[in-house]
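Accompanying notes for the structure given below.
The structure displayed is predicted, hence computed values, not measured ones.
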Amino acid sequence: QVQLIESGGGLVQPGGSLRLSCTASGTIFSFSYMGWYRQRPGRQRELVAMITSRGNTNYADSVEGRFTISRDNAKTTVWLQMNSLQPDDTDVYYCSAATPWGEAYWGQGTQVTVSW
């Protein structure tokens with residue numbers, strides 16, 4: 001069974017940086033995309049960033065210019081470099097991946113807290 005294992009969350013001060021990592025394991029043929037979502041009570045679930053199998057990237061307007069998504073050559077690991085973090089970035093961040101045939105997988109979530 002496919003698993004997505006996340007790491008890299010934590011507590012940082014405003015203006016600081018974090019690097020989230022998500023690694024897929026199990027029987028994997030291919031992913032159409034891998035990406036990061038975030039959600040907390042009172043907010044809509046938001047697609048933060050995603051990268052397709054062809055290497056195309058998309059970002060939420062709220063993180064454009066501050067966050068960067070990348071992946072390894074095997075397309076089984078995806079990172080989210082988060083710079084210039086602000087308190088409003090505080091959320092649980094979930095890694096997600098989708099196959100060309102419509103299956104979706106989710107990581108366990110990693111907490112990002114931006115605070116003094």
Contacts of T23 that satisfy side-chain hydrogen bond (donor to acceptor under 3.5 Å, both in side chains) - sequence neighbours left out: T77

ring-ring contact (aromatic ring centres under 6.0 Å, His included) against Y37, all qualifying residues, sequence neighbours excluded: W106

Rounded distance [0.5 Å steps], CZ in R40 versus CD in Q111: 9.5 Å

Shared hydrophobic cluster, V12 / V63 (ILVMFWY, side-chain heavy atoms < 4.5 Å): yes

Transitive ILVMFWY side-chain link I51 to V2, under 4.5 Å: yes

Between OG on residue S25 and CD on residue Q3, distance to nearest 0.5 Å: 5.0 Å

Heavy-atom side-chain proximity of Y105 to S96 below 4.5 angstrom: no

Straight-line distance of L80 CG to E6 CD, nearest 0.5 Å: 10.5 Å

Sequence neighbours excluded, every pair satisfying disulfide bond (SG atoms under 2.5 Å apart) that has a member inside residues 30-73: none

Approximate separation, where rounding is to 0.5 Å, of W36 CH2 and M82 CE: 9.0 Å

Disulfide bond (SG atoms under 2.5 Å apart) contacts in which one or both residues fall within residues 78-116, not counting sequence neighbours: C22-C95

Note, S53 side chain near S32 side chain (heavy atom, < 4.5 Å): no

Inter- and intrachain pairs under disulfide bond (SG atoms under 2.5 Å apart), touching residues 44-81, at least two apart: none

side-chain contact (heavy atoms from CB on, under 4.5 Å) between V78 and F31, worked out: CA-CA 12 Å; V78 63; F31 290 127; over 6 Å; no

N56 atom CG: more than 12 heavy-atom contacts under 6.0 Å: yes

Partners passing side-chain hydrogen bond (donor to acceptor under 3.5 Å, both in side chains) against R43 (at least two apart in sequence or in another chain): D88

Partners meeting side chain to side chain contact (heavy atoms under 4.5 Å, CB included) with L11 (sequence neighbours left out): T113, S115

Spacing of L20 atom CG and I69 atom CD1 [to the nearest 0.5 Å]: 10.0 Å

Ring pair (Phe, Tyr, Trp, His ring centres under 6.0 Å) partners of residues 49-91, not counting sequence neighbours, each pair once: none

same_hphob_cluster(V92, V48) at 4.5 Å side-chain heavy-atom cutoff: no

Residue R45 excluded, over 12 heavy atoms near CZ under 6.0 Å: yes

Spatial distance of atom CZ (R71) from atom OH (Y33) [nearest 0.5 Å]: 14.0 Å

All side-chain hydrogen bond (donor to acceptor under 3.5 Å, both in side chains) counterparts of T90, not counting sequence neighbours: none

Least distance between heavy atoms, Y94 atom then G107 atom: CD2-O, 3.8 Å

Any residue meeting side-chain hydrogen bond (donor to acceptor under 3.5 Å, both in side chains) with R38, in chain and number order, not counting sequence neighbours: E46, S62, D89, Y93

Check: D91 and V112 side chains under 4.5 Å, non-hydrogen atoms: no

Residue pairs involving residues 35-90 (criterion disulfide bond (SG atoms under 2.5 Å apart); sequence neighbours excluded): none

Side-chain donor or acceptor of Q86 paired with backbone N/O of S84 under 3.5 Å: yes

N83: partners by side chain to side chain contact (heavy atoms under 4.5 Å, CB included), with sequence neighbours left out: S17, Q81

